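Comments concern the structure below.
Treat the numbers as computed from the prediction; the structure is a model and nothing was measured. Each chain gets a letter, A, B and so on, in the order the sequences are listed, and its residues count up from 1.
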There are 2 protein chains.
Amino acid sequence: MTATQPTQPDALTSTRERGHRTQAQRRERTRTALLDATIDCLTERGYARTSVQEICARAGVSKGAQQHHFTTKAELMATAVEHLTNRIQADILAASGELPEGPELVEQGIDLIWQGFAGTLSSAVMELWVAARTDAELAAAIKPVDKALGRSTLELFQTLAPDMPQQTLETLYWLTVNLTRGLALDAQIGGDATRRNQLLTEWKHIALAIYRGDVA
Amino acid sequence: MTATQPTQPDALTSTRERGHRTQAQRRERTRTALLDATIDCLTERGYARTSVQEICARAGVSKGAQQHHFTTKAELMATAVEHLTNRIQADILAASGELPEGPELVEQGIDLIWQGFAGTLSSAVMELWVAARTDAELAAAIKPVDKALGRSTLELFQTLAPDMPQQTLETLYWLTVNLTRGLALDAQIGGDATRRNQLLTEWKHIALAIYRGDVA
DNA sequence: GAACTTACATGCCGAATGGAATGTTTTCCA
DNA sequence: TGGAAAACATTCCATTCGGCATGTAAGTTC
């Protein structure tokens, strides 16, 4: 009655008016809350111990709300994959701003990949990946999204190093990504951190040699 | 009365006498049946969907028997890790017999590591590994066993290539292991097999260059 | 061959899970 | 302003899980 600005929701007032939110706003809010909670759960408790009840509790959302947005648990997980990938991509893109050119790009690029593909968020990815091996539905959801992430990151490097031969860059990139993922696995169960750093350093040397053309 | 050779169980007769088995035999039999079934379950259904009921069913063993040998599920899993590692180690050892010397060892060695660390059995390892990230008890069981497998395989290569510098061999070995594990992950969710083979080939070239001393 | 230990089987229980059913509140739109 | 629709909350249920309790059979020991 009193302060109900009806048809023309001014952006300034509408966000300020406490208690009043657009349907779209409400939707977006609880949706991301659920997806973030899912990622948290995966990171902290692992896929096997992640239940929708736990997710709802963390998101501060009722089970009913969850079911309204994601009919089944599988659907929630599938959507979480996308959400997760977006966050990783955003992180990588944000960190890619300060990258140098020339040979130093190789070292820093490897570090960037390491951070992106072995960070906290990647633990959640790993959980979903491994789960997807025996879950066709999840695999179907993951595959395209992951492929897109890999390709877009590769394109990022192609932009940063336009003078570098395509073939060399691609090889270097994918080798680094896969090595990183292996090392990330090692890190997860508490492997020797010193050795990991040594290996990463060694790999940088090798990659530099390849970059210079010393190795075919 | 008739054929009961009592205190001195002749190996020949005891195995032949149908229906009569030593306690040790019975024990060993159901134990390995359970452990093998566990690995099968992990491979086919994944850690999250692996239940003791399923394991018992596959092993053809009652729940009571399982509980007799492994009080808790965690204990079963922990023991399965050891069993699993032993099987992998045996596979590697068996395949290592026909390895050549010199430069060709590098290529074939990489193939050997690939087969050992990315084969079917390794899917089960992966499941347990990822589960161990959020399960301290399981991690405690895995860590020493895995470390032992890694070291013993490294020692195998040290025996096969005695003339190779320690430092070079170690670096090459661990880089290959971790790269392999990353590629194994990629393979599990149906990544591009062609690209994997290309990367493996590329890596062999690089490794050969390192072996020759072309790269520091 | 009888006491004893080990191996195996069956049935049951509390807890937790994913999902369905149903009711309530908030926003939207004509 | 009133009704439809979307967002959210509560309750319940069938199933499954891991583990315990109790009982039976097979092997060992003296």
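- Here dG18(C) presents its C1' atom at 16 Å from CZ of Phe70(A), a figure rounded to the nearest Å.
- Taking the nucleotide of DNA chain D with the nearest heavy atom to each of Glu54(B) and Val61(A), the more 5' of the two is matched to Val61(A).
- One finds no side-chain N or O of His69(A) lying less than 4.0 angstrom from the OP1 or OP2 phosphate oxygen of dA6(D).
- Atom C1' of nucleotide dC17(D) and atom CG of Leu76(B) are separated by 15 Å, given to the nearest angstrom.
- At a threshold of 4.5 Å between non-hydrogen side-chain atoms, the residues Leu128(A) and Leu84(A) count as touching.
- If you check every strand for non-hydrogen atoms under 4.0 Å, Thr72(A) touches sugar and phosphate atoms only.
- Using a 4.0 Å heavy-atom cutoff across all strands shown, Gln66(B) reaches no nucleic acid atom at all.
- Residues Gln89(B) and Ser152(B) bring a donor and an acceptor atom of their side chains to less than 3.5 Å of each other.
- Checking Gln108(A) against Glu98(A) by side-chain atom types alone, no donor-acceptor pair falls below 3.5 Å.
- Taking side-chain N and O atoms only, Arg26(B) has no distance below 4.0 Å to OP1 or OP2 of dA7(C).
- The CD atom of Glu28(A) sits 17 Å away from the P atom of dT27(C) (whole-angstrom rounding).
- Between the C1' atom of dT25(C) and the CZ atom of Arg27(A) lies a distance of 17 Å, rounded to the nearest Å.
- The shortest distance between the side-chain N/O atoms of Thr30(B) and the OP1/OP2 oxygens of dC8(C) is below 4.0 Å.
- Within the 4.0 Å cut-off from OP1 or OP2 of dC8(D), not a single side-chain nitrogen or oxygen of His68(A) is found.
- Residue Gln67(A) contributes atom CD, which lies 13 Å from atom P of dA9(D) at whole-angstrom precision.
- In this model, a side-chain donor or acceptor of Lys63(A) finds a partner on the base of dG19(C) within 3.5 Å.
- Here the side chains of Met164(B) and Phe157(B) are not in contact, with every heavy-atom distance at 4.5 Å or above.
- As rounded to whole Å, 12 Å separates atom P of dT27(C) from atom CZ of Arg29(A).
- Residues from residues 42-53 of chain A lying near DNA chain D, meaning a heavy-atom separation below 4.0 Å, are absent.
- Taking atom NZ of Lys73(B) as the reference point, atom P of dG19(D) lies 8 Å away to the nearest angstrom.
- Here the closest non-hydrogen pair linking Leu149(B) and Thr153(B) is O-OG1, 2.7 Å.
- No side-chain donor from either of Thr32(B) and His83(B) sits under 3.5 Å from a side-chain acceptor of the other.
- With hydrogens and angles left out, the side chain of Gln23(B) and the base of dA26(D) share no donor-acceptor pair within 3.5 Å.
- Side-chain contact between Arg31(B) and Phe70(B) is present, with at least one heavy-atom pair separated by less than 4.5 Å.
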